[in-house]
Amino acid sequence: MTDRAKTAETAESSTGEPLSLVDELILMLLDEKGGYFHQVPGWQLNCAVVGGVLAELSFRSRLDSDLTSLFAVDPAETGDPVLDPFLREIVDAPEQHTARYWIERLASRAESVIDITLARLVERDILQHHEGEFWTLSPTVLHGQQYGMSAEGTPDRFIKARIGKVLFTDQIPDPRDVVIVCLVNTCDVFRLIFELDEKAEERIKFVCQMDLIGRSIADAVSRNLVGPIRRHSALSKKIPTVPLRKLLANPHIRDGNLNALFGHLAEEYGPVFSVRPPFSKPLIFLAGLETNRWVHKQGRQHLRTRDYFSDFEKVYGAAGVLPALDGADHFRLRKFLAPAYSQARLAGQMDQLYDRGRAYMASLTVGDSYRATSMSRAFVNAQLSPLFIGVDTQDLMDDLMTYKERALSVHIARLLPRFTLNTPGMKRRAKTLDTLMERVLQVNTPGQRADGPRNLVDDYLSLHASDPQFLPESNLLFSFSAALIASVYLGDTFSLMVYAMASQPDLYARIQAEADALFANGDPGKEDFTPANIDVTHRFLMECLRMYPIVTMSVRNVMNTCVVENHELPLGERIHIAMTATHYMSDVFPEPHKFDIDRFLPSRKKHDSLGFAPYGLGTHRCLGTRWMEMHLTVNLLMLAHHFTIEVSPAKYARKLQFNPFPSMKPSKKLKFRITEQRRELPA
């Protein structure tokens with residue numbers, strides 16, 4: 001057995017299951033605090049990952065190298081989906097090439113290697129995946145319950161401890177460890193992983209010269225690092241501008257469907273285009289499947305939110321709230337708040353969800369008509385406000401939402417001048433925030449909360465008490481009011497679902513049948529909402545989220561110059577990401593204007609693509625997606641079980657008009673008429 005084969009065997013037996021060199025490299029580069037890799041530039045990371053693949057193939061005796069070339073010595077496949085495509089390409093090449101040649105040629109495939117490796121580490125319960133494309137060590141591994149290791153010997157720490165011994169002692173390193181040191185060194189992140197002194201830095205240089213394959217691959221990686229930066233200008237194309245006359249002539253300007261508008265513009269002008277409003281600088285938009293992928297995977301390295309969000313949060317006297325944070329601080333706060341927005345938290349309070357929902361429905365009168373947005377917002381707020389913050393806020397919601405919409409229009413959309421936020425009416429509404437804070441603090445005392453289920457206020461106050469520097473008191477007002485505004489957005493989504501149900505009698509009947517079956521023996525529990533029991537309702541929900549996503553775009557500022565689909569985005573530029581434009585692009589969703597719940601049959605899996613983005617993309621993806629889906633499902637089924645509703649005026653059943661700013665919602669003219677109460681509401 002060769003030395004390299006023995007090394008591979010050792011790595012396998014030390015973990016209980018084989019960890020490839022690529023697995024170990026990913027674990028070495030993972031930053032637990034930030035939930036992703038240490039900030040290694042994309043091309044640099046790609047080169048290092050491909051270098052890891054080539055090194056692993058060498059350790060498995062498939063490749064070898066000399067001073068001039070890298071070549072195959074055994075064409076037999078390894079059975080590893082990460083390694084074999086690379087091996088086949090090298091084996092099939094008509095002539096030999098250097099390691100540098102192969103790294104440059106294959107670097108574009110590194111993203112798929114990273115995706116497969118992360119998924120494999122999650123499947124093996126070594127890593128845990130979090131919403132927003134974050135990864136950390138899984139609880140099982142973190143507590144040392146896997147691989148027979150103690151808490152100090154988890155795979156991540158085992159690898160880092162192993163490499164630490166290489167750097168801080170004089171022991172002779174294993175050849176695999178030499179390669180890992182070489183590759184991590186090319187990424188220049190050792191100083192972020194360990195506290196290096198001068199002796200350790202000299203040791204790194206020494207170790208990097210100890211192994212031929214490690215030295216040749218690390219040298220090849222290093223030589224490729226500056227390539228794409230030099231090519232930016234040569235590759236970039238001029239961003240096309242949409243003529244104002246063509247923009248105004250688009251039919252979706254008239255019906256207010258911005259999702260369809262951006263989809264149409266992307267199909268005509270490409271994935272990166274600009275719109276020049278009158279008397280204003282051009283607005284740059286990203287729209288399409290490829291730009292969605294770029295934002296989701298690489299946006300964290302080039303874009304940030306704080307630049308455009310800072311003025312908005314100052315309106316509430318806050319600084320550093322969740323939507324304005326990026327990087328490790330954003331992930332830390334997200335991770336802490338995740339239980340508050342989880343489906344599990346809602347599932348534990350289903351009785352309150354039903355009781356408060358029915359209490360609101362008791363106010364609906366057969367024969368009366370209700371404005372769609374007002375009815376739906378009130379319905380959801382009657383449930384969400386007590387669940388989130390422990391108080392009723394129905395009397396405050398209109399003022400809170402009006403004030404926030406004005407602040408959004410001034411500081412985010414920039415549709416209105418700043419003085420419009422300081423009118424007497426807006427100042428009066430701003431005082432509603434103080435009323436909200438007083439109510440919340442009055443009921444959320446230790447004595448009153450002792451026997452109640454944990455809510456969002458408990459989570460925020462706990463974090464504030466433990467780390468007032470990270471979550472200061474000045475941020476609490478925004479945090480509590482933002483939780484309530486979530487009921488408005490959830491309510492607007494619900495209004496569009498009710499509209500879609502009421503305007504399609506056949507689907508309405510199928511949803512009612514599922515509702516009647518679920519509620520036949522009393523209120524269903526979380527375990528009753530199985531895929532079989534709510535098949536039609538769930539697919540209906542997904543199609544509503546496709547056709548009627550209420551957040552049409554997100555805004556980011558460019559913090560590092562980048563090239564997207566051959567268009568350069570300059571430093572400091574404000575970018576509008578129309579992530580839901582793909583919902584109305586025929587190459588992503590055929591016949592996009594047709595309401596078709598069969599798109600979401602398991603055999604079609606249309607929601608698995610990044611073309612389906614109702615919750616946003618990347619690190620700022622909505623934190624409460626699972627809560628939202630369950631809440632909307634329960635409410636729709638409960639409403640269908642008790643009432644029959646029709647659309648008013650009837651013409652809207654054929655063509656819906658939208659009010660698109662600052663977020664999508666039905667036209668104010670849309671109403672729901674209660675035509676029948678099918679069952680008595682429980683007392």
Side-chain angles (χ1 to χ4, degrees), residues 236-292 294-296 298-299 302-312 323-324 405-418 420-421 549-585 613 616-618 620 658-664:
S236 60
K237 299 187 299 186
K238 183 179 179 181
I239 297 175
T241 299
V242 179
L244 186 59
R245 57 180 176 78
K246 293 202 70 173
L247 178 67
L248 296 178
N250 192 291
H252 300 299
I253 286 288
R254 293 188 291 276
D255 66 26
N257 189 344
L258 296 187
N259 301 293
L261 170 66
F262 293 134
H264 184 268
L265 294 177
E267 288 180 326
E268 184 172 357
Y269 292 94
V272 184
F273 57 86
S274 68
V275 173
R276 186 188 295 273
F279 313 110
S280 182
K281 63 179 294 189
L283 306 177
I284 295 178
F285 289 85
L286 306 184
L289 186 57
E290 292 306 316
T291 54
N292 277 9
W294 182 86
V295 170
H296 194 68
Q298 301 181 44
H302 305 284
L303 309 175
R304 68 184 177 198
T305 64
R306 73 181 187 195
D307 304 273
Y308 84 89
F309 208 85
S310 59
D311 286 342
F312 177 75
E405 286 189 342
R406 179 63 60 85
L408 286 170
S409 296
V410 170
H411 292 296
I412 301 298
R414 296 180 175 179
L415 297 172
L416 296 172
R418 289 175 180 254
T420 61
L421 196 56
I550 63 167
V551 179
T552 58
M553 72 180 80
S554 57
V555 182
R556 301 285 185 271
N557 277 44
V558 178
M559 64 178 178
N560 293 305
T561 305
C562 50
V563 173
V564 181
E565 293 297 293
N566 293 334
H567 297 281
E568 184 170 310
L569 305 182
L571 182 67
E573 190 70 48
R574 181 159 292 185
I575 305 299
H576 300 76
I577 304 160
M579 64 274 182
T580 51
T582 49
H583 293 199
Y584 282 87
M585 296 176 72
L617 296 164
H620 283 269
F658 295 91
N659 180 1
F661 297 110
S663 59
M664 294 282 287

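- Side-chain contact check for Ile577 versus Leu303: some heavy-atom pair is nearer than 4.5 Å.
- Heavy-atom neighbours of His296 NE2 from other residues, nucleotides or ligands within 6.0 Å: above the threshold of 12.
- Atom CG of Leu617 sits about 9.0 Å away from atom OG1 of Thr580, to the nearest 0.5 Å.
- Environment of CZ in Arg254: crowded, with over 12 heavy atoms of neighbouring residues, nucleotides or ligands closer than 6.0 Å.
- Judged purely by atom type and a 3.5 angstrom limit, Asn257 has no side-chain atom pairing as donor or acceptor with the backbone of His252.
- Few gaps surround CZ on Arg574; more than 12 heavy atoms of other groups in view lie less than 6.0 Å from it.
- Nearest approach of Gln298 to His302, heavy atoms of both residues: O-CD2, 3.3 Å.
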After noting the C-alpha distance and the side-chain angles of Val551 and Met579, does the key distance pass the side chain to side chain contact (heavy atoms under 4.5 Å, CB included) rule? CA-CA 9 Å; Val551 179; Met579 64 274 182; 3.8 Å; yes
Atom pairs and distances, donor-acceptor, side-chain atoms in residues 270-284, under 3.5 Å, two or more places apart:
unit_1, atom_1, unit_2, atom_2, d
Ser274, OG, Pro240, O, 3.4
Ser274, OG, Thr241, OG1, 2.9

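- Here the closest non-hydrogen pair linking Arg306 and Ala324 is CB-O, 3.2 Å.
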When you look at Thr305 and Arg556, which way does the side chain to side chain contact (heavy atoms under 4.5 Å, CB included) test go after all the steps? CA-CA 5 Å; Thr305 64; Arg556 301 285 185 271; 3.4 Å; yes
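- Looking at every heavy atom in both residues, Lys238 comes nearest to His567 through O-CE1, 3.4 Å.
- The two atoms that bring Met585 and Ala266 nearest to each other are CE-CB, 3.9 Å, heavy atoms only.
- With rounding to the nearest 0.5 Å, the separation of CD1 in Ile575 from SG in Cys562 is 7.5 Å.
- Shown here for Pro417 and Val410, the closest heavy-atom pair between the two residues is O-CG2, 3.6 Å.
- Scored by the side chain to side chain contact (heavy atoms under 4.5 Å, CB included) test, Ile253 finds Leu247, Asn250, Leu261 as partners (sequence neighbours excluded).
- Rounded to the nearest 0.5 Å, atoms OG (Ser409) and CG (Leu415) are 5.5 Å apart.
- Minimum heavy-atom separation, His583 to Pro549: ND1-CG, 3.6 Å.
- Put simply, CZ on Phe661 and CG on Leu258 are 5.0 Å apart, with the number rounded to the nearest 0.5 Å.
- Residue Thr552 holds its OG1 atom at 10.0 Å from CD1 of Ile550, rounded to the nearest 0.5 Å.
- Interatomic distance, Phe309 CZ to Arg304 CZ, rounded to the nearest 0.5 Å: 15.5 Å.
- Residues Met664 and Asn259 have side chains in contact (heavy-atom distance under 4.5 Å, counting atoms from C-beta outward).
- Here the options are Phe262, Tyr308, Phe285, the test is ring pair (Phe, Tyr, Trp, His ring centres under 6.0 Å), and the partner is His576; only Phe285 passes.
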